[in-house]
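Given the structure is predicted, the values throughout are model-derived calculations rather than measurements. For ligands, and for the atoms within them, numbers begin at 1 and follow the listed sequence.
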Amino acid sequence: MNRPLLMAPSILSADFTRLGEAVTLVEAAGADLIHVDVMDGHFVPNLTIGPPVVKALKRITKLPLDVHLMIDNADETVGWYLDAGADIVVVHVEACNHLHRIAQTAHAAGAQMGVSLNPGTPVSALEGIITEVDLVLVMGVNPGFGGQAFIPATVDRVREVADLARSKGVSPRIAVDGGIDPTTAPLVTAAGADMLIAGSAIFCAEDPSAALADIRSAAVTQLV
Ligand code: DX5
Ligand code: ZN
């Protein structure tokens, strides 16, 4: 019996003029975490939000904030997000020189630490760090934008992460971010994912609460 599936709506596709309402809505709809996409216009070709917005969101929700740092300088700035109230900081293995130090910093702050892999990065990049992390976030698209098509090879990559974790005797959460909807969600839970991040499939839907429930119910049928 595995852990319960966690649903983390990504506010990237919410109406930025009404972010608070978007968070309140998905919280009431049973979201488990709020996924906050931080982009620096450098690691990824888009620029979004930073610590002040994380701090503001922290005031209006009881849900943990899952802060996804798509930035080049997380080695230097991860503390900003921890201070702002991030409950989980997720950094990219492609962007950090000191993953182990970031894990120590996050844990010392009482937060969790996750590592993320771009679609082109081999899962073996996790070999030296997987025993230290609480979460592995497998990108289902190239990071930078919401609403992109799911890359099918992600499913096998999730399975590889699950195998690597098992071989190391650890069981971090395995999250998939990008292209998640009621069709792709069960594919990745069947492969070992137990956390799903979805932006456009929730916030661009006519009824975001129903969309969240639809993704969850499609995914749990395949949870391993
Ligand atoms: C993409 C972000 C995702 C994004 C996913 O770079 O990291 O969190 O919001 O959006 P969808 O669910 O629309 O693919
Ligand atoms: Zn994200």
Side-chain angles (χ1 to χ4, degrees), residues 5-16 19 22-23 25-26 29 31-50 53-54 57 63-72 74 78 81 86-96 112-121 133-155 157-158 173-189 193 195-206 208 210-216 218-219:
L5 178 72
L6 298 181
M7 290 294 305
S10 161
I11 56 168
L12 183 64
S13 291
D15 179 349
F16 272 23
L19 262 192
V23 168
L25 188 151
V26 291
D32 299 291
L33 307 98
I34 300 296
H35 184 83
V36 182
D37 286 304
V38 175
M39 303 184 186
D40 65 354
H42 202 253
F43 178 67
V44 288
N46 197 3
L47 194 58
T48 55
I49 57 179
V53 176
V54 174
L57 292 173
L63 294 181
L65 298 180
D66 171 39
V67 178
H68 182 189
L69 298 174
M70 286 161 279
I71 61 177
D72 265 328
V78 68
Y81 300 92
D87 297 277
I88 309 178
V89 282
V90 180
V91 299
H92 273 261
V93 298
E94 304 86 1
C96 297
Q112 295 190 359
M113 188 269 195
V115 282
S116 181
L117 292 177
N118 282 339
T121 303
V133 306
D134 304 286
L135 168 75
V136 175
L137 185 158
V138 181
M139 289 303 308
V141 299
N142 288 295
F145 304 94
Q148 302 179 79
F150 181 75
I151 297 171
T154 307
V155 176
R157 289 163 57 70
V158 168
R173 283 273 174 192
I174 301 177
V176 179
D177 183 10
I180 292 297
D181 62 21
T183 306
T184 55
L187 305 178
V188 298
T189 50
M195 176 168 156
L196 300 178
I197 296 152
S200 55
I202 293 175
F203 288 109
C204 300
E206 212 162 289
L212 173 54
D214 286 349
I215 298 170
R216 190 194 290 277

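Looking at H68 next to ligand 1, an N or O pair under 3.5 Å apart turns up. For a threshold of 3.5 Å applied to N or O pairs, the pair formed by Q148 and ligand 1 contains no separation below that value. In terms of polar-atom proximity, defined here as any N/O pair under 3.5 Å, M70 makes no such contact with ligand 1. Considering backbone and side-chain atoms alike, G199 places an N or O below 3.5 Å from some N or O of ligand 1. Checking only distances, N142 never comes within under 3.5 Å of ligand 1, N or O to N or O. Where the criterion is an N or O separation shorter than 3.5 Å, residue side chain and backbone included, M139 fails it with respect to ligand 1.
Counting the atoms of ligand 1 from 1 in the order shown, those under 4.0 Å from a heavy atom of P143 are 6 (O). In summary, the atoms of ligand 1 found under 4.0 Å from a heavy atom of M39, numbered by their order in the structure, are 6 (O). Close approach of ligand 1 to G178 is summarised as follows: ligand atoms under 4.0 Å from at least one heavy atom of the residue are 14 (O). Close contacts of ligand 1 with H35, meaning ligand atoms under 4.0 Å from a residue heavy atom, involve 8 (O). Heavy-atom contacts of A198 reach the following atoms of ligand 1: 12 (O) (cutoff under 4.0 Å).
In terms of protein heavy-atom proximity, atom 1 (C) of ligand 1 is nearest to F145 O, 3.6 Å. Looking at atom 10 (O) of ligand 1, its nearest protein heavy atom turns out to be G146 CA, 3.5 Å. Among all non-hydrogen protein atoms, the one lying nearest atom 14 (O) of ligand 1 is G179 N, 2.8 Å. Here the heavy atom of the protein found nearest to atom 9 (O) of ligand 1 is S10 OG, 2.7 Å. Remark: minimum distance from atom 2 (C) of ligand 1 to any protein heavy atom is reached at D37 OD1, 3.5 Å. When hydrogens are left out, the protein atom nearest atom 5 (C) of ligand 1 is D177 OD1, 3.5 Å; that is the closest non-hydrogen contact.
Remark: distances from the non-hydrogen atoms of F150 to ligand 1 are all 4.0 Å or more. The closest approach between G144 and ligand 1 falls below 4.0 Å for a heavy atom of the residue.
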Trace of the side-chain contact (heavy atoms from CB on, under 4.5 Å) decision for L57 with L65: CA-CA 8 Å; L57 292 173; L65 298 180; 4.3 Å; yes

Stepwise side-chain contact (heavy atoms from CB on, under 4.5 Å) check, V176 with T184: CA-CA 10 Å; V176 179; T184 55; over 6 Å; no

Verdict with supporting geometry, V44 and N142, side-chain contact (heavy atoms from CB on, under 4.5 Å): CA-CA 9 Å; V44 288; N142 288 295; over 6 Å; no

Verdict with supporting geometry, V188 and V155, side-chain contact (heavy atoms from CB on, under 4.5 Å): CA-CA 5 Å; V188 298; V155 176; 4.3 Å; yes

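Using cut-offs of 30° and 60° on the angle between ring planes, the pair H68 and H92 is parallel.
Note: L6 CG to M195 CE = 6.5 Å, rounded to the nearest 0.5 Å. How far CG of D214 is from CD1 of I202: 10.0 Å, rounded to the nearest 0.5 Å. Rounded to the nearest 0.5 angstrom, L187 CG and D181 CG are separated by 9.0 Å.
The heavy-atom pair separating T189 from A219 by the smallest distance is OG1-O, 2.9 Å. Taking each heavy atom of L47 and D40 in turn, the nearest pair found is CD1-C, 3.3 Å. The two residues V158 and A193 come nearest to each other via the heavy atoms CG1-N, 3.6 Å. When all heavy atoms of C96 and A74 are compared, the pair lying nearest together is SG-CB, 3.9 Å. Across every non-hydrogen atom of P119 and P143, the tightest pair is CD-CD, 4.3 Å. Between A22 and F203, the shortest heavy-atom distance links the atoms CB-CE2, 3.7 Å.
Using modelled atom types, no side-chain atom of R173 and backbone atom of G114 make a donor-acceptor pair closer than 3.5 Å.
Protein N/O/S atoms found under 2.8 Å from the Zn ion (ligand 2), listed by chain and residue number: H35 NE2, D37 OD1, H68 ND1, D177 OD2.
At a heavy-atom distance under 4.0 Å, atoms from both the backbone and the side chain of S200 approach ligand 1.
At a threshold of 4.5 Å between non-hydrogen side-chain atoms, the residues R216 and L5 count as touching.
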